[in-house]
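Data first, discussion second: the structure below is written as structure tokens.
What you see is a predicted model; the values in this text were computed from it and never measured.
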Amino acid sequence: MNRGPLIHSVDDARRLARRRVPRMVFDFVDGAAGDESLSMLNRHALRRIRLLPRVLADVEARDLRTPLLGMTMDLPFGFAPMGMCNLAWPGADMMLARAARRRGVPLCTATAASTSLEEMHRHSGGRAWFQLYAGLAEEFTMELVRRARDAGYRVLVLTADVPVLAWRRRDERNGFKVPFRMGLKQLADFAARPRWSLAVAAAGVARPMNYATSESGRDFVRAESRAADMRFLRRLRDRWPGKLLVKGVMSADDALRIRDAGADGVYVSNHGGRQLNSAPPAIQALPGIRRAVGGGYPLVFDSGIRSGEDVVKALACGADYVMVGRPLLFAIGAAAEKGLVRIVDILAEEVSLTLALTGLRRVADISANILAPEANHG
């Protein structure tokens, strides 16, 4: 069934996904840490930011192309790293890779992806970045770095904000484990979503393929420590020949240390509210980090993005580029690849319309000047 036309917003996609995929899987995608207040605050803080309409400006022929790290992206937003995407719907990773290739945007392949990093790079047409967790066995970590280099990846993203995995209450209540541990509760949950269950039965249960294909044969342990320190960052900088970003940064002081250690950019994020629940909204941290690192240092942003207007707001607050996470998996859960195509189209059109309504023609012209002065921007 083609549900794409029923999707007119990220909220629509989320509502449809909730009906279509098992509760355990939906909660894994939708859930956050603790009481999930930070996940809500991320969205609320973005909604509080108001943009200043401008009139009598020539806003025809708008240009969404965005320069970043010596490359040009066709849209000002890409696809954030997300593990085990094939849980949302079988083949989700390949859907994301095809969409990245078709729309000319980066796709951040996760360490715990359901598809090997080599396949993701190939099917994305070389658009994929690789997201690395540290704190794993050194041999395995550096094997992943070598594989990414040999596969042709140009950008490595070190995720630094998961020294330990935060408490995810929904996952605990649902008995979510990787691999799945099936009991009566899980069987009833899957049986209530027969379309998803039949698709999974035909395709096979998702598993973290970068582990399964490793030379060390390392098993994926979701709760294991992924702690990194500055010494690891410097070693990684020495070994990685391409562009290096550090993800999960919320402190201006940390951003400066990371910049001074040789990273090519900072990825401002609170992990979508999935780590320290008492952290501030990521959009509130962004302007201070921009002031600290200066105007020419690349900043990527995610956390709480739910519309094209949110993308523009993040760019106006200091980001050079924006990544989108949950909305993509909501769309895939709602309507598979047609849903993904639909939500990317919606986000791109919302960015374009927001440019026009703020008197701009190019993403490159977005600045703090379009922020309404009376608004609280953190």
**Request:** Could you please spell out the steps behind the salt bridge (charged side-chain N to carboxylate O under 4.0 Å, His left out) verdict for Arg257 and Asp254?
**Result:** CA-CA 5 Å; Arg257 291 193 301 139; Asp254 285 346; 2.9 Å; yes
**Message:** Could you check whether any side-chain heavy atom of Arg147 comes within less than 4.5 Å of a side-chain heavy atom of Thr213, counting everything from C-beta outward?
**Reply:** yes
**Request:** Please check if atom CD in Glu172 has more than 12 non-hydrogen atoms from other residues, nucleotides or ligands closer than 6.0 Å.
**Result:** yes
**Request:** Kindly say whether Ile7 contributes a backbone atom to a donor-acceptor pair with the side chain of Ser9 at under 3.5 angstrom?
**Result:** no
**Request:** Would you check if Arg50 and Leu371 make a side-chain contact, meaning some heavy-atom pair closer than 4.5 Å?
**Result:** no
**Fill in**
Closest non-hydrogen contact found for Ala316 with Ile366 is N-CG2, 3.6 Å
**Prompt:** Got a salt bridge between Arg47 and Glu309, using NZ or NE/NH1/NH2 to carboxylate O under 4.0 Å?
**Reply:** no
**same_hphob_cluster(Leu165, Leu276) at 4.5 Å side-chain heavy-atom cutoff** = no
**Asked** Side-chain heavy atoms under 4.5 angstrom apart, residues restricted to Ile, Leu, Val, Met, Phe, Trp, Tyr: same cluster for Leu69 and Phe301?
**Response** yes
**Prompt:** Testing Ile332, Thr109, Thr115 for side-chain contact (heavy atoms from CB on, under 4.5 Å) with Asp93, which one passes?
**Reply:** Thr115
**Check: Trp240 side chain, Lys243 main-chain N or O, donor-acceptor pair, under 3.5 Å** = yes
**Item:** From CA spacing to verdict: salt bridge (charged side-chain N to carboxylate O under 4.0 Å, His left out), Arg103, Asp345
**Value:** CA-CA 9 Å; Arg103 299 310 299 260; Asp345 286 347; 2.5 Å; yes
**Prompt:** According to the interplanar angle, ranging from 0 to 90°, do the rings of Trp129 and Tyr321 count as parallel (below 30°), tilted (30 to 60°) or perpendicular (above 60°)?
**Reply:** tilted
**Asked** Would you say Arg102 has more than 12 foreign heavy atoms packed within less than 6.0 Å of its CZ?
**Response** yes
**Request:** Using distance alone, with no hydrogens and no angle criterion, decide if Thr111 and Asn210 have a side-chain donor and acceptor under 3.5 Å apart.
**Result:** no
**Asked** Are Arg65 and Thr72 close enough that a side-chain donor and a side-chain acceptor fall under 3.5 Å?
**Response** no
**Asked** Under 3.5 Å, is there a donor-acceptor pair between the side chain of Asp189 and the main chain of Met24?
**Response** yes
**Request:** Answer yes if the side chains of Gln275 and Arg168 hold a donor-acceptor pair under 3.5 Å, and no otherwise.
**Result:** yes
**Message:** Under the side-chain contact (heavy atoms from CB on, under 4.5 Å) test against Val312, which residue among Leu357, Ile370, Val363 passes?
**Reply:** Ile370
**Request:** Please test Arg237 against Asp264 for salt bridge (charged side-chain N to carboxylate O under 4.0 Å, His left out), starting from the C-alpha separation and ending with a verdict.
**Result:** CA-CA 10 Å; Arg237 176 69 284 178; Asp264 297 291; 2.7 Å; yes
**Leu87 vs Phe176, side-chain contact (heavy atoms from CB on, under 4.5 Å): CA-CA, chis, key distance, verdict** = CA-CA 12 Å; Leu87 290 176; Phe176 179 87; 3.8 Å; yes
**Item:** Any side-chain heavy-atom pair of Arg193 and Arg20 under 4.5 Å
**Value:** no
**Prompt:** Regarding Gln131 and Thr159, is there a side-chain donor-to-acceptor distance under 3.5 Å anywhere?
**Reply:** yes
**Item:** Joint cluster assignment, Leu256 & Tyr297, ILVMFWY side-chain distance < 4.5 Å
**Value:** yes
**Prompt:** Could you walk me through whether Asp63 and Arg361 pass the salt bridge (charged side-chain N to carboxylate O under 4.0 Å, His left out) check?
**Reply:** CA-CA 6 Å; Asp63 185 356; Arg361 293 175 58 182; over 6 Å; no
**Request:** Please round to the nearest 0.5 Å and tell me the distance separating atom CZ of Arg173 and atom CZ of Arg23.
**Result:** 8.5 Å
**Request:** Would you sort out whether Arg101 and Ser124 count as a side chain to side chain donor-acceptor pair (under 3.5 Å), showing the intermediate values?
**Result:** CA-CA 5 Å; Arg101 182 172 189 165; Ser124 71; over 6 Å; no
**Prompt:** When rounded to the nearest 0.5 angstrom, what is the spacing between CE in Met323 and SG in Cys108?
**Reply:** 5.0 Å
**Item:** Transitive ILVMFWY side-chain link Val322 to Val10, under 4.5 Å
**Value:** yes
**Prompt:** Strictly by modelled atom types, are His121 and Arg127 linked by a side-chain donor-acceptor pair under 3.5 Å?
**Reply:** no
**Message:** Under a plain distance cut-off of 3.5 Å, with no hydrogens placed, do Asn270 and Asp161 share a side-chain donor-acceptor pair?
**Reply:** no
**Asked** Counting only N and O atoms by type, is there a donor-acceptor contact under 3.5 Å from the side chain of Tyr153 to the main-chain atoms of Leu117?
**Response** yes
**Asked** Heavy-atom count around Arg290 CZ within 6.0 Å, excluding the residue itself: above 12?
**Response** yes
**Request:** Evaluate the side-chain contact (heavy atoms from CB on, under 4.5 Å) criterion for residues Val249 and Ser269: first the C-alpha distance (whole Å), next the side-chain angles of each, then the deciding distance (0.1 Å), finally the verdict.
**Result:** CA-CA 6 Å; Val249 180; Ser269 169; over 6 Å; no
**Side chain Asn277, main chain Leu38, donor-acceptor under 3.5 Å** = yes
**Asked** What do the steps show when you test Leu286 against Leu299 for side-chain contact (heavy atoms from CB on, under 4.5 Å), and what is the final call?
**Response** CA-CA 9 Å; Leu286 178 59; Leu299 295 183; 4.0 Å; yes
**Fill in**
When every non-hydrogen atom of Leu340 is compared with those of Ala99, the smallest separation belongs to CD2-CB, 3.8 Å
**Request:** Determine, using the 4.5 Å side-chain heavy-atom cutoff (strictly less than), whether Val341 and Trp89 are members of one ILVMFWY cluster.
**Result:** no
**Asked** So, Arg342 and Glu337, do they make that salt bridge, N to O below 4.0 Å?
**Response** no
**Donor on one side chain, acceptor on other, Asp35 and Ser37, under 3.5 Å** = yes
**Asked** With side chains defined as the heavy atoms from C-beta onward, is the minimum distance between Val300 and Leu68 less than 4.5 Å?
**Response** yes
**Prompt:** Should the pair Glu36-Arg170 be classified as a salt bridge under the 4.0 Å nitrogen-to-oxygen rule?
**Reply:** yes
**Message:** Measuring only between side-chain heavy atoms, which start at C-beta, is Arg149 closer than 4.5 Å to Pro241?
**Reply:** yes
**Message:** Is the shortest side-chain heavy-atom distance between Val311 and Ile305 below 4.5 Å?
**Reply:** yes
**Prompt:** Just wondering, more than 12 heavy atoms not from Arg259 lying within 6.0 Å of its CZ?
**Reply:** yes
**Asked** Is there side-chain contact between Thr354 and Val351, with at least one heavy-atom pair below 4.5 Å?
**Response** no
**Asked** Is there side-chain contact between Arg18 and Arg15, with at least one heavy-atom pair below 4.5 Å?
**Response** no
**Message:** Tell me if the aromatic rings of Phe140 and Tyr211 count as close, with their centers under 6.0 Å from one another.
**Reply:** yes
**Complete:** Separation between CG (Leu353) and OG1 (Thr358), nearest 0.5 Å, reads 10.5 Å
**Request:** Kindly indicate, with the supporting measurements, whether the criterion side-chain contact (heavy atoms from CB on, under 4.5 Å) is fulfilled by Cys317 and Ile283.
**Result:** CA-CA 8 Å; Cys317 287; Ile283 195 66; 4.1 Å; yes
**Request:** State whether the side chain of Asp58 and the backbone N or O of Glu60 hold a donor-acceptor pair below 3.5 Å, judged by distance alone.
**Result:** yes
**Atom CZ of Arg306 with >12 non-hydrogen neighbours under 6.0 angstrom** = yes
**Request:** Check for a donor-acceptor pair, side chain of Lys313 on one end and backbone N or O of Leu46 on the other, with a separation under 3.5 Å.
**Result:** yes
